[in-house]
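Proteins get letters first, then strands, A, B, ... in listed order; numbering begins at 1 in each. The model shown is predicted, which means the values in this text are computed figures rather than measured ones.
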Amino acid sequence: MLLPIRCSNNVCKLLSPPILSFAEMATSISELHQAHAHMLKTGLIHDTFAASRLITSAASASTPHTISHAHSIFTRLSNPNSYIYNTMIRAYANSPTPENALLLFQQMLYDFVVPDKYTFTFVLKGCASFAGLEEGRQVHGHVLKIGTGCDEYNQNTLIHLYAKCGCFEIAHNLLDRMPMRDVISWNAILSAYVEMGLMESARHLFDEMHERNVESWKFMISGYMGVGLVEEARSVFDDMPLKNVVSWNALITGYAHASCFSEVLVLFEDMQNAKVKPDDCTLVNVLSACARVGALSQGKWVHAYIDRNGIKIDGFLATALVDMYSKCGNIEKAQEVFSNSWKKDISTWNSMIAGLSTHGFGERALQIFSDMLADGFKPNEVTFIGVLSACSRAGLLNKGREMFDHMVHVHGIQPTIEHYGCMVDLLGRFGILEEAEELARMMPLKDAPVVWESLLGACRNHGNVELAEYVGEKLLELNPEDSTGYVQLSNMYAHAGRWNDVMEVRKKMKAQRVTKEPGCNMIEVDGIVHEFLAGEGMNSKQT
DNA sequence: GTAGGGTTAG
């Protein structure tokens, strides 16, 4: 927050908090405007120290919006010094458009402002961000020419830059010749290997590192998880001498990403036994695991934990809670969390809409959708999967058509297979099979089997054998090993009493060695998650 | 008189 402005250097003390919500940001931007105006009026803007404070505040939250504001202040300064240039270059280096850091560096040279060691750190970081090898080389040349700039900070950034651009030999050479190398120098290369999924090289480097810190270990864990080597990640984790919450999260996130949800829940317990305090990232992952396996009581426990520990429910957590409650069957509680949450992001709205839709509250889902628009949120393609499936499930034919049209023509969203699927479902349910088929044809064929299956189901329900045969052929063409097309088609022939055709389909299935895979489902009873396989016995797991 | 390297996930 800004201090009240007096006609003194107090303006220099303007500070802004590191993390700003939208509302806070707006006020702080208006405060910046005030401060800027005041400084222009009093001439304080010509005081380089005061001006640099203003730029620092304006650039501190490097969202595109604030950074352009900082830049507009910057362009109106008469003689920006190197500190001010550095601040702007740093802001760009950390922004989504790091190329601008380089442009500003060029402008700095053009203005005869002498760069210092800080300048190089920021510019090189910017080059590393967009993997600008040529640009980075040129800056490297400047660093060498000026001489004073090349301390260990810059050397580490250079190592990272070359590694990130795939020049591992240069990176290793720099590292070997570095007199004061430390763990960060090693990590600078390690992180690049990990980012590119080169885990063998990463392992090699990791094994010969003279020093490792918690970050080095974390790189290895998330690196292995990133390429699907769950066991390796686990064994790195087990070897770790000192684990912090970030290490646990790396493992938990990896397991969640690999859809190993019961492992997530087990790890969460291990983590508590190890007396490591979970943070919001842990809890989001655990809640999503609860949602996936239907572990309602554990999900409730996490919710209570959040309340007990006064953890703020941000957009991420609100989304995870809404999703957990609705996937575990408690839509009332999902709605309660939703309406009580002080911060909703687009995913929070999306999960509420999708939840209401799956629970059969189509009208309510559409109501939430219009609330969302009224709140100024821009819907995305996930939103419309919820909206269209709500229409489909609730049988709202015209509303569904209208929403599909709005999605494309008002919100400019390209329909994906899920959207087509909902529409084909909806039209199929009403027996509007030609229109459904027309929509199904609009998709690339290879992506379409689910949608064609749905259309086939509709043909069966409305007794349109002719179209069904056509669709069934199409499905078999697409994927001769999948059983759905055969099963549906044979059921249809059976219904129509065409037993010869039934026999034909069965024969084809046998020839292709197609078997129908049993369905699988999980449900929690008395705190125990049971896994059901259709047609088989029950297999229960203690969670 | 202000600052910097590898990075923190969903």
(request) Please determine if Arg292(A) forms a cation-pi arrangement with Phe261(A), meaning its NZ or CZ atom is less than 6.0 Å from the six-membered ring centre and no more than 45° off the ring axis. (result)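 Judged by the rule (NZ or CZ under 6.0 Å from the ring centre, within 45° of its axis), Arg292(A) is not positioned above Phe261(A).
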
(message) Check for me whether Lys243(A) meets the cation-pi criterion with Phe237(A), that is, NZ or CZ under 6.0 Å from the six-membered ring centre and within 45 degrees of the ring axis.
(response) yes

Using atom [atom1] of [X] as one end and atom [atom2] of [N] as the other, report the distance to the nearest whole Å.
X	N	atom1	atom2	answer
Asn350(A)	dG10(B)	CG	C1'	15 Å
His172(A)	dG6(B)	NE2	C1'	14 Å
Asp323(A)	dG10(B)	CG	C1'	12 Å
Tyr153(A)	dG4(B)	OH	P	9 Å
Asp314(A)	dA9(B)	CG	P	13 Å
Phe120(A)	dA3(B)	CZ	P	20 Å

Throw together a table of side-chain donor-acceptor distances under 3.5 angstrom for residues 194-205 of chain A, partners on residues two or more places apart or in other chains.
unit_1	atom_1	unit_2	atom_2	d
Arg203(A)	NE	Asp207(A)	OD1	3.4
Arg203(A)	NH2	Asp207(A)	OD1	3.3

Only pairs under 3.5 Å count here: list side-chain donor-acceptor contacts from residues 224-231 of chain A, not counting sequence neighbours, and write none if there are none.
none

Check: [N] base within 3.5 Å donor-acceptor of [X] side chain:
X	N	result
Asp151(A)	dG4(B)	yes
Ser191(A)	dG6(B)	no
Asn213(A)	dG6(B)	yes

(message) Applying a 4.0 Å non-hydrogen cut-off, can you work out what Glu152(A) is touching in the nucleic acid: base, sugar-phosphate, or nothing?
(response)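 Base, at least one base atom sits under 4.0 Å.
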
(request) Could you check whether Thr157(A) gets within reach of a base, just the sugar-phosphate, or nothing at all, counting any heavy atom under 4.0 Å? (result)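 The residue Thr157(A) makes sugar-phosphate contact but no base contact.
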
(message) Tell me whether His257(A) at atom NE2 has more than 12 heavy atoms from other residues, nucleotides or ligands lying less than 6.0 Å away.
(response) no

(message) Taking only side-chain N and O atoms of His257(A), does any of them lie within less than 4.0 angstrom of OP1 or OP2 on dA9(B)?
(response)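 It does not, given that no N or O in the side chain of His257(A) lies less than 4.0 Å from OP1 or OP2 of dA9(B).
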
(message) At a heavy-atom distance below 4.0 Å, what parts of residues 276-288 of chain A sit against DNA chain B?
(response) Asp279(A), Asp280(A), Cys281(A), Val284(A), Asn285(A)

(request) Establish, from distance only, whether the side-chain atoms of Thr348(A) and Asp345(A) form a donor-acceptor pair under 3.5 Å. (result) yes

(request) Report the relative orientation of the aromatic rings in Tyr85(A) and Phe74(A); use parallel for angles under 30°, tilted for 30 to 60°, perpendicular for over 60°. (result)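 Ring orientation, 0 to 90° scale: perpendicular.
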
